[in-house]
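Just below is one structure, and these are the notes that go with it.
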Amino acid sequence: MSLAAVAASTATTTAAETNGFLSPTGVEIAFLLVGLVTLGGAVVTVTTKQLVHAALWLVVTLGGLAVEYLLLTAEFIAWVQVLIYVGSVVVLLLFGLMLTKAPIGRSPDADSGNRWAALAVAIAAATALVWVVVDAFRTTWIDLDGAAAGSTEANGKALFQNWVLPFEALSVLLLAALVGAIVLSRKAAAARPTGSAAPGKQPSGTAPATSSDEQPSRQGKEGAR
Amino acid sequence: MHLAYPAVLSALLFCTGLYGVLARRNAILVLMSVELMLNAVNLNLVAFDVWLSKTAQDTLHSGQALTLFTIAIAAAEVGIGLAIVLAVYRNRGTSDIDKLRDTAETGDGSDDGHDASESAASTTAEKAEATA
């Protein structure tokens, strides 16, 4: 294995020397363009003030990543990405947004006060990571010719020959997550009758005037129920 | 394709998600940023698996198998996370992370008086809700 890796690394090094960064192939140009769209979608996702637009730009980012998987010849992962992320995760996030807050228009409190510290941390991490990664893998070349590395056949063989036990454990984890989500929702539903009996008593003595920014909204919500 | 292209894109996406986790205030936007970070890791895994499967002989396709596991776990994480956020929103009327400070240590000196009084008010309201 190590001998093969050494031989392979020398082979890739020579392949990378014949293919410089200044003469990109068509796949690389496509990867760069889709990568720019993906990164732009990600940046808009974390900076926009409109919450629903953030979820919709997340669709652009995840779809762009699916195209990147296709360009890396990982077809199965690409379609799983489209099905699970674009199909279900984004819909779940949109449901969550609409259930917690119906954000019509801009919400100016989307960013917290420490966004400049966050920006500094992110830029420092990006600089360090990009520097290290470029320095380490400057000469490494992915050979995309030949049979697809991530076809459904290859993935299925690997998954059901070598990764059966993690696969089954994952199904147990999904079951546990399903049960957990149901339990979390049901506990709130069971606590609701006592909560709805509260508002007649709540504002009388126990709620001080200092929390006036939070209490009316809660009671309005309870009353709406 | 140079391995540097997907690796750099993955690093940049990860740092974008990092900024979102640190700077966002809404809990669901934080979950979205966590998804961005997980996707960056997935891109890294797929790129290195494709590179390794073309250079080495027996690779078990571990990168792509791990990517599938990560996608499934991320889906479960989003489901549980949204259930928690919705439960918190039902109890508190907000999904603002900066306002969920009940377990924060305010200290003896109480340099932030408004925050301490607000948390005390919320705990008394919570007790009233529990006793009612």
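Convention: sequence-line order gives letters A, B, ...; per-chain numbering from 1.
Here the CD1 atom belonging to A/Ile84 is positioned 12.0 Å from the CG atom belonging to A/Leu62, to the nearest 0.5 angstrom. Rounding to the nearest 0.5 Å gives a distance of 11.0 Å between CZ of A/Arg115 and CZ of B/Arg25.
Ring pair B/Phe69/A/Trp163 is perpendicular by interplanar angle, where above 60° counts as perpendicular and below 30° as parallel.
Interface check for chain B: of the options A/Val90, A/Val133, A/Ile123, the most heavy-atom pairs under 4.5 Å are formed by A/Val133. Contact count against chain B (heavy-atom pairs under 4.5 Å) is highest for A/Leu39 among A/Thr38, A/Val121, A/Leu39, A/Leu173. With chain B as partner, the option from A/Ala158, A/Ala136, A/Ala117 having the largest number of non-hydrogen pairs under 4.5 angstrom is A/Ala158. Counting heavy-atom pairs under 4.5 Å between each of B/Leu86, B/Leu43, B/Leu66 and chain A puts B/Leu43 at the top. Options B/Ile84, B/Leu31, B/Leu82 differ in how many heavy-atom pairs under 4.5 Å they form with chain A, and the most are formed by B/Leu82. For the set B/Ala4, B/Pro6, B/Ala7, B/Ala27, the count of heavy-atom pairs under 4.5 angstrom toward chain A peaks at B/Pro6. Taking chain A as the reference chain and counting heavy-atom pairs below 4.5 Å, the highest number among B/Val21, B/Asp96, B/Leu12, B/Val88 is found for B/Leu12. Contacts with chain B were tallied for A/Leu119, A/Leu174, A/Leu129; A/Leu119 has the most, counting heavy-atom pairs under 4.5 Å. Looking only at heavy-atom pairs under 4.5 Å with chain A, the residue among B/Ser62, B/Gly17, B/Ser33 that has the most is B/Ser62. Ranking A/Ile77, A/Val132, A/Asp143 against chain B, the residue ahead of the rest is A/Ile77, based on heavy-atom pairs under 4.5 Å. Taking chain A as the reference chain and counting heavy-atom pairs below 4.5 Å, the highest number among B/Gly63, B/Ala65, B/Ala40 is found for B/Ala65. No other option in A/Ala128, A/Ser88, A/Pro24, A/Ala55 has as many heavy-atom pairs under 4.5 Å with chain B as A/Ala55.
Checked by atom type, the side-chain pair B/His61/B/Asp49 shows a donor-acceptor distance below 3.5 Å.
Remark: the backbone N or O of A/Gly35 is paired with a side-chain donor or acceptor of A/Glu68 at under 3.5 angstrom.
Side-chain contact between B/Ile97 and B/Val30 is present, with at least one heavy-atom pair separated by less than 4.5 Å. Between A/Phe167 and B/Leu68 the shortest side-chain heavy-atom distance does not fall below 4.5 Å. Taking 4.5 Å as the limit, every side-chain heavy atom of A/Gln161 sits out of range of all side-chain heavy atoms of B/Leu60. Residues B/Asn39 and A/Thr61 are not in side-chain contact: their nearest non-hydrogen atoms beyond the backbone lie 4.5 Å or more apart.
Only the side chain of A/Leu58 comes within contact range of chain B, with heavy atoms under 4.5 Å apart. Residue contact with chain B, scored on non-hydrogen atoms closer than 4.5 Å, involves the backbone and the side chain of A/Thr48 alike. Proximity to chain A (any heavy atom under 4.5 Å) is restricted, for B/Ser53, to the side chain, taken from C-beta onward. With a threshold of 4.5 angstrom between heavy atoms, B/Leu36 approaches chain A through side-chain atoms but not through N, CA, C or O. Neither the backbone nor the side chain of A/Leu178 comes within less than 4.5 Å of any heavy atom in chain B. Only the side chain of B/Leu29 has a heavy atom closer than 4.5 Å to any heavy atom of chain A. Looking at A/Leu144, the atoms closer than 4.5 Å to chain B (heavy atoms on both sides) sit in the backbone and in the side chain alike.
Judged as a side-chain hydrogen bond (donor to acceptor under 3.5 Å, both in side chains), and not counting sequence neighbours, the contacts of B/Ser10 are B/Asn44.
Salt bridge B/Asp98/B/Arg101: absent, no basic N to carboxylate O contact under 4.0 Å. Here B/Arg24 pairs with A/Asp111 in a salt bridge; the nearest charged N to carboxylate O distance falls below 4.0 Å.
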